[in-house]
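Below is one structure, written out as structure tokens; the observations come after it.
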There are 2 protein chains.
Amino acid sequence: MMADVALEHAILVSLLEQPGSGYELARRFDRSIGRFWTATHQQIYKVLRRMEADGWVTAEEIGQDGRPDKRCYTVAEPGRDALTGWLREPVQPETVRHELAVKIRGAAFDDAAGRAALITEVERYRADHETTLRRYLTGEQRDFPDPADLDAGQRLQHVVLRGGIEYERMVLAWLDDVLHTLHDL
Amino acid sequence: MMADVALEHAILVSLLEQPGSGYELARRFDRSIGRFWTATHQQIYKVLRRMEADGWVTAEEIGQDGRPDKRCYTVAEPGRDALTGWLREPVQPETVRHELAVKIRGAAFDDAAGRAALITEVERYRADHETTLRRYLTGEQRDFPDPADLDAGQRLQHVVLRGGIEYERMVLAWLDDVLHTLHDL
DNA sequence: TCATGCTATGAAACTCGTTGCATATCAACC
DNA sequence: GGTTGATATGCAACGAGTTTCATAGCATGA
């Protein structure tokens, strides 16, 4: 029981790094946290309400000038305990869902026109990942200009970002391999 | 409409490569196909029944000696059409779920004992990925001993496998980076 | 004044996939 | 004869996450 529950813990980490509203969390999930955990705002609001009911977080209504009010969430002790308990559980094996790999193998059962369309699609996909890599590298220079001078939290954020960077580089190299293979077919 | 629907197409590709029963598919998803698309036997049986009802596949009851009967599935024309239609749709952006990355950033909010436990867990996780890499490399030597002498389908399978191999190598290098970072904290 | 767009939150319906359970055949072994 | 284990299929209940829709305040510009 307790299951893996997933999103709760990503939210706890994000709120510990910096308290904020559901809307702000949703934007973080579109940027930094979203590199390794995606979530929509609907899901975030739903989970935040449950976490508040469970006493994991506390909410504070904040009136703002020139904008709608917001509910700012902060992690409470039970939430912190839930997180440290989860941190000690074994990491679940990743459940991989790589759609492009399925399509590449599927291309064996399509005609020349289909394979040509796939090449175009792989090229577009590759451009997206190149953009992502550039965004990561820009973010790295902005957030970690002096890697020797970081506190523990920043070093951990940095090593996760380096993982994202190496992943993108690996994907780009593999997509070149894929394109060569498709062209030589 | 039509959504991404996911598993159907992975099953279609697998059945086109080789017709088989739900049980056989489940084992393939634990090995080859499962590298980039995971599925349990319950889900596979459920989807196969739906695909049969939709006319995407046809089933044949096969009595066997020394084993229970099985239902062998073959892709029908509508299924093939559904696949080629899907192949021409844009690849959806991956929805990343990297639990370990969340835990690493979460370690900033845990004590020394928690970080020590995380190091142990990362080492176990690393050993798993090393095993996976070795399995891929063994499979590559077995299935593609002569890369110059492959048909289109095999070349596509091979390039997907190379992606898996490079992914594992990248993960192992990153995990070493993670371990150094955690030790130096 | 109207449209657009960003900030901000949420409900309802649905789909996908997991977990736990149930069933059955047959081989091999003790 | 009874257990274990592989083969083989499936249901029911649940949980996580997506999609669609709805609401509302306020700013900016046409």
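A, B, ... follow the sequence lines: proteins, then strands. Residue 1 opens every chain.
Taking atom CD of B:Glu52 as the reference point, atom P of D:dT9 lies 12 Å away to the nearest angstrom. Atom-to-atom, CD of A:Gln43 to C1' of D:dG15 comes out at 10 Å; the value is rounded to the nearest Å. One atom, CD of A:Gln42, and another, C1' of C:dA12, lie 11 Å apart when rounded to the nearest Å. Residue A:Ile44 contributes atom CD1, which lies 13 Å from atom C1' of C:dA8 at whole-angstrom precision. We find that NE2 of B:His9 is positioned 14 Å from C1' of C:dC16, with the value rounded to whole Å. For the pair A:Lys70 NZ and C:dA8 C1', the interatomic distance rounds to 10 Å; values are reported in whole Å. Note: OH (A:Tyr23) to P (D:dA24) measures 18 Å, nearest angstrom. Across the protein-nucleic acid pair, A:Arg50 atom CZ and D:dG15 atom P stand 9 Å apart, rounded to whole Å.
Residues passing the side chain to side chain contact (heavy atoms under 4.5 Å, CB included) test with B:Glu77, sequence neighbours excluded: B:Arg80, B:Asp81. The ring-ring contact (aromatic ring centres under 6.0 Å, His included) check on B:Tyr23 picks up nothing, with sequence neighbours excluded. Annotation: side chain to side chain contact (heavy atoms under 4.5 Å, CB included) contacts of B:Ala26 (sequence neighbours excluded): B:His41, B:Ile44. Qualifying side chain to side chain contact (heavy atoms under 4.5 Å, CB included) partners for A:Ala152, counting only residues two or more places apart in sequence or in other chains: B:Leu185. Under the rule for a side chain to side chain contact (heavy atoms under 4.5 Å, CB included), the partners of A:Asp54 that lie at least two apart in sequence or sit in another chain are A:Arg50, A:Trp56.
At a non-hydrogen distance threshold of 4.0 Å, A:Thr40 from residues 25-41 of chain A come into contact with DNA chain D.
Between the side chain of A:Lys103 and the backbone N or O of A:Val122, no donor-acceptor pair lies under 3.5 Å. One N or O on the side chain of B:Thr181 and one on the backbone of B:Asp177 form a donor-acceptor pair closer than 3.5 Å.
Residue A:Phe144 is found in a hydrophobic cluster whose other members, listed by chain and number, are A:Leu133, A:Tyr136, A:Leu137, A:Leu150, A:Leu161, A:Ile165, A:Leu172; membership requires side-chain heavy atoms under 4.5 Å apart, directly or through intermediates.
Applying the salt bridge (charged side-chain N to carboxylate O under 4.0 Å, His left out) test to residues at least two apart or on different chains, the pairs with a partner in residues 105-132 of chain B are A:Glu17-B:Arg105, A:Arg88-B:Asp110, A:Arg88-B:Asp111, B:Glu121-B:Arg124, B:Arg124-B:Asp128, B:Arg126-B:Glu130, B:Arg126-B:Asp176.
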### Task
Mark up nucleotides 23-28 of chain C, 5' to 3', with B wherever a protein heavy atom is under 4.0 angstrom from a base atom, S wherever such an atom reaches only the sugar-phosphate, and - elsewhere.
--BSS-
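For B:Arg97 and D:dG17, the shortest distance from a side-chain N or O to OP1 or OP2 is below 4.0 Å.
Scanning atom types as modelled, no donor and acceptor separated by under 3.5 angstrom connect the side chain of B:Lys46 and the base of D:dT9.
Mapping A:Val47 and B:Asp69 onto DNA chain D by nearest heavy atom places B:Asp69 closer to the 5' end of the strand.
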